[in-house]
**Student:** 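One structure, as structure tokens, below. Some questions next.
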2 protein chains.
Amino acid sequence: MARRKQAVTIRHVAADAGVSLQTVSRVINNEPNVRPEMKERVQASIDKLGYVPSIAAQRMSGSRSYLILALNDRERTIADWRAREGTDWVDQMLLGGMLKCAEHGYRLIIELVDTHNDHVERELSAAIAALQPDGVILTPPHSENPLIVGLLDKQRIPFVRIGSRGNGAGILVLMDDERSARLATDYLLGMGHERIGLIAGSDEYSLSGWRIDGWRAAMAEAGVPTDGLLERGDFSFASGEKAARKLLKSPQRPTAIIASNDQMALATLKVARELGLDVPDELSLISFDNTPTVRFTQPALTAIDQPIAATASMAVELIIAAQKGEELPEQPVIVSGSLVERDSVSAPGT
Amino acid sequence: MARRKQAVTIRHVAADAGVSLQTVSRVINNEPNVRPEMKERVQASIDKLGYVPSIAAQRMSGSRSYLILALNDRERTIADWRAREGTDWVDQMLLGGMLKCAEHGYRLIIELVDTHNDHVERELSAAIAALQPDGVILTPPHSENPLIVGLLDKQRIPFVRIGSRGNGAGILVLMDDERSARLATDYLLGMGHERIGLIAGSDEYSLSGWRIDGWRAAMAEAGVPTDGLLERGDFSFASGEKAARKLLKSPQRPTAIIASNDQMALATLKVARELGLDVPDELSLISFDNTPTVRFTQPALTAIDQPIAATASMAVELIIAAQKGEELPEQPVIVSGSLVERDSVSAPGT
DNA sequence: GTGAAAGCGCTAACAC
DNA sequence: GTGTTAGCGCTTTCAC
């Protein structure tokens with residue numbers, strides 16, 4: 001393999017503009033101590049020669065790498081990809097994260113790491129050593145992994161923890177699951193429902209708990225009891241089925257159910273159909289996540305939309321700000337979700 | 001921002017093992033001229049210290065960057081992400097490409113480039129200058145863009161063109177659309193259909209033509225005419241609707257339709273429903289792509305699965321082989337799709 | 001404000 | 001087989 005050299009380097013630009021390397025470097029990095037007139041001249045040469053700095057070289061000499069790592073759970077991500085069931089978490093991360101990165105000349109690299117592995121630290125260390133990213137975005141459940149958080153903190157790499165209120169280092173960005181659950185519950189209460197069931201998610205994810213909190217709070221405020229209305233799943237279809245069956249077969253069955261993710265909502269839909277319950281006439285259903293599939297079901301599901309793209313975009317912004325040494329929010333940054341009305345909800349007893 | 005240095009460098013390893021830098025380098029890169037005994041000693045030090053080479057430094061000194069760029073069409077990709085309709089092209093690319101990359105210590109970076117832009121060359125040049133990738137994967141329609149192909153050829157960067165039989169440089173990898181279309185057509189012929197309509201895709205993509213070829217060939221072999229059975233769309237839902245309406249309102253309407261992508265298949269389903277035609281009893285339907293949505297329709301659609309993951313994986317493999325100086329296939333590499341049977345096809349007139 | 005020199009971590013080329 | 005040397009393209013540090 002022939003040694004592939006950079007076509008146009010800072011040297012060419014310096015020569016063309018008749019200045020030192022240093023001055024060109026200053027212009028590239030928008031540093032002070034360059035007269036506007038100089039700056040213009042250098043910029044002209046850059047444009048003329050079509051010069052683009054080599055990220056490798058920049059990184060080598062100790063500055064930024066312009067790379068941001070997005071850490072996703074390996075097992076879950078690959079399973080989703082293989083299943084082809086329309087989970088578009090990664091796409092939405094890219095939509096928000098990549099585009100924001102591009103705005104600032106950064107690149108987003110998706111990295112899969114296995115949380116349940118005892119080599120997490122080694123895996124992550126290797127990725128960091130190899131790529132030297134300027135920042136890392138942690139998605140659940142990594143956001144809550146003390147090993148990862150500790151490692152990143154020790155290495156002093158700016159990082160965002162999506163979906164965590166946890167202690168320790170890192171910038172926290174939340175989609176406000178409690179408020180979203182409340183939103184869904186209030187919406188159903190507003191329609192006249194009182195027996196509103198919740199199928200919660202795996203408690204490996206804190207957001208499962210927050211959603212329970214939101215639902216409980218809304219119910220409490222409305223003065224409505226929650227006994228026998230909570231079932232736990234683990235985000236899988238099978239677990240949703242089991243939970244739905246339990247709720248719908250109880251003597252005082254709920255008139256509405258909130259499922260903590262789309263798979264469990266689909267499972268609920270299936271169980272309702274099996275039991276001969278019409279949705280939405282006999283059972284209203286609200287789903288969490290709003291992945292593509294829920295618009296293609298019969299009926300299309302009313303859902304809480306998780307603003308993944310906006311969250312990823314925010315995460316990138318915060319990392320770049322941190323990288324620049326700007327001040328960071330002390331409080332968790334909150335990106336709010338919204339309720340998308342479709343056809344799976346109606347007033348009870350109609 | 002503090003200058004972030006590599007924690008463990010080749011120097012540390014060399015010192016620890018009591019050898020020269022070069023020997024360590026040789027071990028890392030699995031080069032010859034190292035005695036097994038030496039190699040073992042060095043490897044022990046590497047493991048002990050947890051050393052991982054810096055990609056930036058490796059790239060700097062003229063060797064690989066361990067980065068592979070996957071070029072996707074900006075407009076289309078972003079539109080798909082925003083629409084959230086379940087198109088999982090990017091996910092499947094990642095599934096195949098990223099995992100294969102990881103096997104070899106490479107990373108895949110998704111890059112969005114606007115084909116219709118007159119700055120394509122500049123955009124791409126900038127990405128190449130910045131990242132110095134070891135290879136590039138071109139997806140349609142980039143695979144057919146002579147500007148891009150020319151640029152990559154000139155820069156002597158190994159690249160794969162997915163979905164192109166085009167002339168010029170680059171390694172060609174095909175999903176064999178002609179054969180797939182034939183497969184679908186033969187399947188319908190085998191069920192007894194004779195009037196099999198085709199809704200073709202945009203001719204900006206050569207694969208649209210190949211699918212027509214496959215369909216036409218299969219029909220010809222079966223001795224069945226194709227007059228009035230071909231309509232062109234552009235892969236959009238709207239275009240599919242128009243095409244389907246034309247086919248289904250013709251006096252001799254087809255008993256089966258093959259749609260050249262899922263969106264147009266969904267449109268056909270909608271039109272059939274409007275016209276009161278039951279699928280599959282009165283109209284059989286086969287879709288191309290097999291994206292997640294087609295399993296959630298009523299009925300679930302029988303579809304040609306495009307092996308995107310396998311193709312991406314193959315593309316990465318070929319690039320790494322090229323990078324190593326291995327011989328490359330002269331002929332286009334073919335990755336075959338398959339027919340996934342669901343519920344949208346039945347024998348005609350039942 | 002601007003420039004010169006040193007060095008980041010690694011590998012190609014060549015010496016031994 | 002193994003070590004030495006000279007850079008790769010850029011930024012840091014420090015001198016002017």
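Note that the structure is a prediction, hence the values are computed from the model and not measured. Every chain is numbered from 1, with letters handed out A, B, ... down the list of sequences.
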**Student:** Should B:Lys154 and B:Glu121 count as an ion pair when the cut-off is N to O under 4.0 Å?
**Tutor:** no
**Student:** To the nearest Å, give me how far apart CE (B:Met60) and P (C:dG7) are.
**Tutor:** 16 Å
**Student:** Name all residues meeting the salt bridge (charged side-chain N to carboxylate O under 4.0 Å, His left out) criterion together with A:Glu144; count only those two or more places apart in sequence or in a different chain, and write none if there are none.
**Tutor:** none
**Student:** Set out, in order, the CA-CA distance, both residues' side-chain angles and the distance that settles side chain to side chain donor-acceptor pair (under 3.5 Å) for A:His116 and A:Glu204, then state yes or no.
**Tutor:** CA-CA 11 Å; A:His116 296 113; A:Glu204 189 180 0; 2.8 Å; yes
**Student:** Once rounded to the nearest 0.5 Å, what's the spacing between atom CG of B:Leu174 and atom CE of B:Met314?
**Tutor:** 11.5 Å
**Student:** To the nearest angstrom, how far is B:His12 atom NE2 from C:dC8 atom P?
**Tutor:** 10 Å
**Student:** Starting from C1' on D:dG9, measure out to OH on A:Tyr51 and report it in whole angstrom.
**Tutor:** 7 Å
**Student:** Please check if atom CG in B:Asn167 has more than 12 non-hydrogen atoms from other residues, nucleotides or ligands closer than 6.0 Å.
**Tutor:** no
**Student:** Might you confirm whether atom CD of A:Gln331 has over 12 heavy atoms from other residues, nucleotides or ligands at distances under 6.0 Å?
**Tutor:** no
**Student:** With B:Asp73, which residues qualify under salt bridge (charged side-chain N to carboxylate O under 4.0 Å, His left out), at least two apart?
**Tutor:** none
**Student:** Identify, with sequence neighbours excluded, every residue that meets salt bridge (charged side-chain N to carboxylate O under 4.0 Å, His left out) alongside B:Glu40.
**Tutor:** none
**Student:** Compare side-chain N and O positions of A:Ser25 against OP1 and OP2 of D:dT11 and report whether any pair is under 4.0 Å apart.
**Tutor:** yes
**Student:** Counting side-chain heavy atoms from C-beta on, which of D:dC10, C:dG9, C:dT11 comes nearest to A:Ser54?
**Tutor:** D:dC10
**Student:** How close or far is atom C1' of D:dC8 from atom CD1 of A:Ile55, stated in whole angstroms?
**Tutor:** 16 Å
**Student:** Report the distance from atom CD of A:Glu31 to atom P of D:dT11, rounded to the nearest whole Å.
**Tutor:** 8 Å
**Student:** Considering every strand and a 4.0 Å limit on heavy-atom distances, what is the contact class for B:Pro32: base, sugar-phosphate, or nothing?
**Tutor:** nothing
**Student:** Does A:Arg59 put a side-chain nitrogen or oxygen below 4.0 Å from OP1 or OP2 of C:dC8?
**Tutor:** no
**Student:** Apply salt bridge (charged side-chain N to carboxylate O under 4.0 Å, His left out) to B:Lys39 and list each qualifying residue two or more places apart in sequence or on a separate chain.
**Tutor:** none
**Student:** Checking contacts here: which listed nucleotide (D:dC10, C:dT2, D:dT2) is nearest the side-chain heavy atoms of A:Arg35?
**Tutor:** C:dT2
**Student:** Using the side chain to side chain contact (heavy atoms under 4.5 Å, CB included) rule, pick out the option among A:Asn72, A:Val316, A:Thr311 that qualifies with A:Met93.
**Tutor:** A:Asn72
**Student:** Taking atom C1' of C:dG9 as reference, at what distance in whole Å does atom CD of A:Gln58 sit?
**Tutor:** 16 Å
**Student:** Would you tabulate the pairs of protein nitrogen or oxygen atoms and nucleotide nitrogen or oxygen atoms of nucleotides 3-6 of chain D closer than 3.5 angstrom?
**Tutor:**
from  : atom 1 : to      : atom 2 : distance (Å)
D:dG3 : OP2    : B:Ser20 : N      : 3.0
D:dG3 : OP2    : B:Ser20 : OG     : 3.0
D:dG3 : OP2    : B:Thr23 : OG1    : 2.5
D:dG3 : O6     : B:Arg26 : NH2    : 2.7

**Student:** Output the rounded distance in Å from CD1 (A:Ile10) to C1' (C:dA4).
**Tutor:** 14 Å
**Student:** Whole Å only: how far is the CD1 atom of B:Ile46 from the P atom of C:dG9?
**Tutor:** 16 Å
**Student:** OP1, OP2 of D:dC10 versus side-chain N and O of A:Tyr66: anything below 4.0 Å?
**Tutor:** no
**Student:** For the helix from C:dG1-D:dC16 to C:dC16-D:dG1, measure the angle between the helix axis at one end and the axis at the other, each built from five pairs, rounding to 10°.
**Tutor:** 30°
**Student:** Look at A:Gln6 and D:dG9 and indicate whether a side-chain polar atom (N or O) is within less than 4.0 Å of OP1 or OP2.
**Tutor:** no
